[in-house]
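By convention here, the first residue in the shown sequence is residue 1.
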Amino acid sequence: MTDPLVAAGGSLGELPAVVRTWVDGWARSRGTDAPRGVPGGFRIEVGSPNHRARYVLPAADPAVLRDLVGAIDTPGLWIKVCAPREALEPALTPAWKISEPQYLMVSALAPMPPATPPPGYTLDLTDHDGIIDARVLFSGSGTGTGSDSGDAVPAASGRAALTTGAPGSVAYAVPAPPYPAAAVFDMIGTEAAHRRRGLGRFLMATLARRAAELGAGQGVLVASPDGRALYEALGWRLRAPVTAAVFTA
């Protein structure tokens with residue numbers, strides 16, 4: 001099967017290339033096996049009862065969707081398509097449940113000065129093998145960075161997984177054409193009691209800065225409706241709507 005990124009000429013501006021980067025980075029972030037090429041897209045084995053595996057498709061090809069939906073008979077299998085709901089819904093039976101809209105987004109990454117956490121918060125930043133983890137902790141006084149959390153409580157957290165998007169492996173490697181280095185941002189969240197204090201902006205800036213230092217030139221993520229507003233305010237660009245559906249019975 002032709003790799004979608006090769007078919008796209010290797011440019012992260014092409015949607016199949018962005019999707020390959022996303023699925024590979026997501027698999028790295030979640031610790032799953034490498035995405036496997038299937039007709040029309042990719043399959044990732046997730047392994048949880050309500051999310052056994054996911055099919056990710058760069059386009060809502062009617063023939064691909066017909067064959068895929070017709071072959072799925074196990075609850076907990078998901079289909080995610082880079083298309084609006086109206087492009088996926090006609091292919092589904094009543095046994096499928098569509099989730100809230102999502103949005104595939106991209107942003108250029110470049111080195112930048114370090115961001116400062118808001119007063120009362122500290123940063124715990126680690127990276128290993130191309131996985132960057134950032135935690136923002138609330139202590140009630142002072143600012144700064146470091147790993148000594150003391151009595152601090154978690155306020156926000158997120159991860160960025162570096163990937164070249166190369167097929168067949170979830171290991172981050174030295175970038176080689178046509179697989180430029182990118183970072184997939186994942187599991188970005190702020191605890192309810194700490195929202196609207198600039199933590200999301202600070203967290204994204206911190207992850208982006210470190211990813212750029214490690215060689216990533218582009219960021220990729222999939223946002224919720226609420227998250228989309230934050231990312232657009234930070235300069236991220238919508239690449240495609242994403243519609244997800246799960247087989248329930």
Side-chain angles (χ1 to χ4, degrees), residues 1 4-5 15-106 131 157-161 163 165 167-168 170 184-192 220-231 236 238-249:
M1 182 182 302
L5 181 50
L15 185 57
V18 176
V19 173
R20 165 164 279 295
T21 298
W22 170 39
V23 299
D24 190 75
W26 190 91
R28 291 211 72 224
S29 175
R30 303 299 176 104
T32 73
D33 290 339
R36 176 167 55 89
V38 296
F42 309 93
R43 174 173 167 136
I44 305 175
E45 303 299 329
V46 181
S48 65
N50 296 324
H51 195 163
R52 298 181 183 275
R54 59 168 55 183
Y55 293 87
V56 182
L57 311 179
D61 182 288
V64 170
L65 287 173
R66 181 186 64 246
D67 292 346
L68 182 57
V69 169
I72 290 176
D73 58 4
T74 302
L77 293 179
W78 286 76
I79 296 176
K80 286 180 175 268
V81 184
C82 292
R85 179 180 179 130
E86 54 266 27
L88 173 61
E89 194 166 25
L92 303 179
T93 68
W96 290 83
K97 180 180 179 181
I98 297 178
S99 64
E100 70 173 5
Q102 298 176 319
Y103 305 94
L104 180 65
M105 306 185 75
V106 297
I131 301 293
S157 62
R159 171 174 287 181
T163 176
V170 291
V184 174
F185 292 67
D186 188 29
M187 297 184 285
I188 309 295
T190 302
E191 298 295 328
V220 180
L221 59 78
V222 171
S224 67
D226 288 341
R228 177 184 175 182
L230 167 65
Y231 303 133
W236 286 68
L238 176 65
R239 192 60 187 82
V242 177
T243 302
V246 58
F247 186 75
T248 60

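Closest heavy-atom contact between V64 and P39: CG1-O, 3.5 Å. Summarising the geometry of A240 relative to C82, their closest heavy-atom pair is CB-CB, 4.1 Å, with the distance given to 0.1 Å. The shortest heavy-atom contact between T32 and E45 is CB-O, 3.4 Å. Looking at every heavy atom in both residues, A27 comes nearest to D33 through CB-O, 3.7 Å. Of all heavy-atom pairs spanning L65 and A87, the tightest one is CD1-O, 4.0 Å. The minimum heavy-atom distance linking L88 with A245 is given by the pair CD2-CB, 4.1 Å.
For the salt bridge (charged side-chain N to carboxylate O under 4.0 Å, His left out) test, residues two or more places apart in sequence or in another chain that qualify with R85 are E89. The side-chain hydrogen bond (donor to acceptor under 3.5 Å, both in side chains) search around R30 returns D186, not counting sequence neighbours. Scored by the salt bridge (charged side-chain N to carboxylate O under 4.0 Å, His left out) test, R54 finds no partners at all (sequence neighbours excluded). Scored by the ring-ring contact (aromatic ring centres under 6.0 Å, His included) test, Y103 finds no partners at all (sequence neighbours excluded).
Two residues are said to be in side-chain contact when any heavy atoms from C-beta on lie closer than 4.5 Å; S29 and V184 fail this criterion. The closest side-chain heavy-atom distance from F42 to D24 is not below 4.5 Å. Considering only heavy atoms from C-beta on, Y55 comes within 4.5 Å of I72 through its side chain.
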Problem set entry | Residues V19, L15; criterion side-chain contact (heavy atoms from CB on, under 4.5 Å); working and verdict | CA-CA 6 Å; V19 173; L15 185 57; 4.0 Å; yes

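Residue pairs meeting the ring-ring contact (aromatic ring centres under 6.0 Å, His included) criterion with at least one partner in residues 74-100, sequence neighbours excluded, are H51-W78, W96-F247. Among residues at least two apart or in separate chains, there is no salt bridge (Lys or Arg N to Asp or Glu O under 4.0 Å) pair with a member in residues 63-82.
With hydrogens and angles disregarded, a donor-acceptor distance shorter than 3.5 Å links the side chain of T248 to the backbone of A95. Proximity of a side-chain donor or acceptor of T163 to a complementary backbone N or O of T21 within less than 3.5 Å is not detected.
Here the CD1 atom belonging to I79 is positioned 11.0 Å from the CZ atom belonging to R43, to the nearest 0.5 angstrom. A distance of 4.0 Å separates CH2 of W236 from CG of L221, quoted to the nearest 0.5 Å. To the nearest 0.5 Å, the span separating CD1 on I131 from CZ on R159 amounts to 6.0 Å. We find the CG-CG distance between L77 and L68 to be 9.0 Å, quoted to the nearest 0.5 Å.
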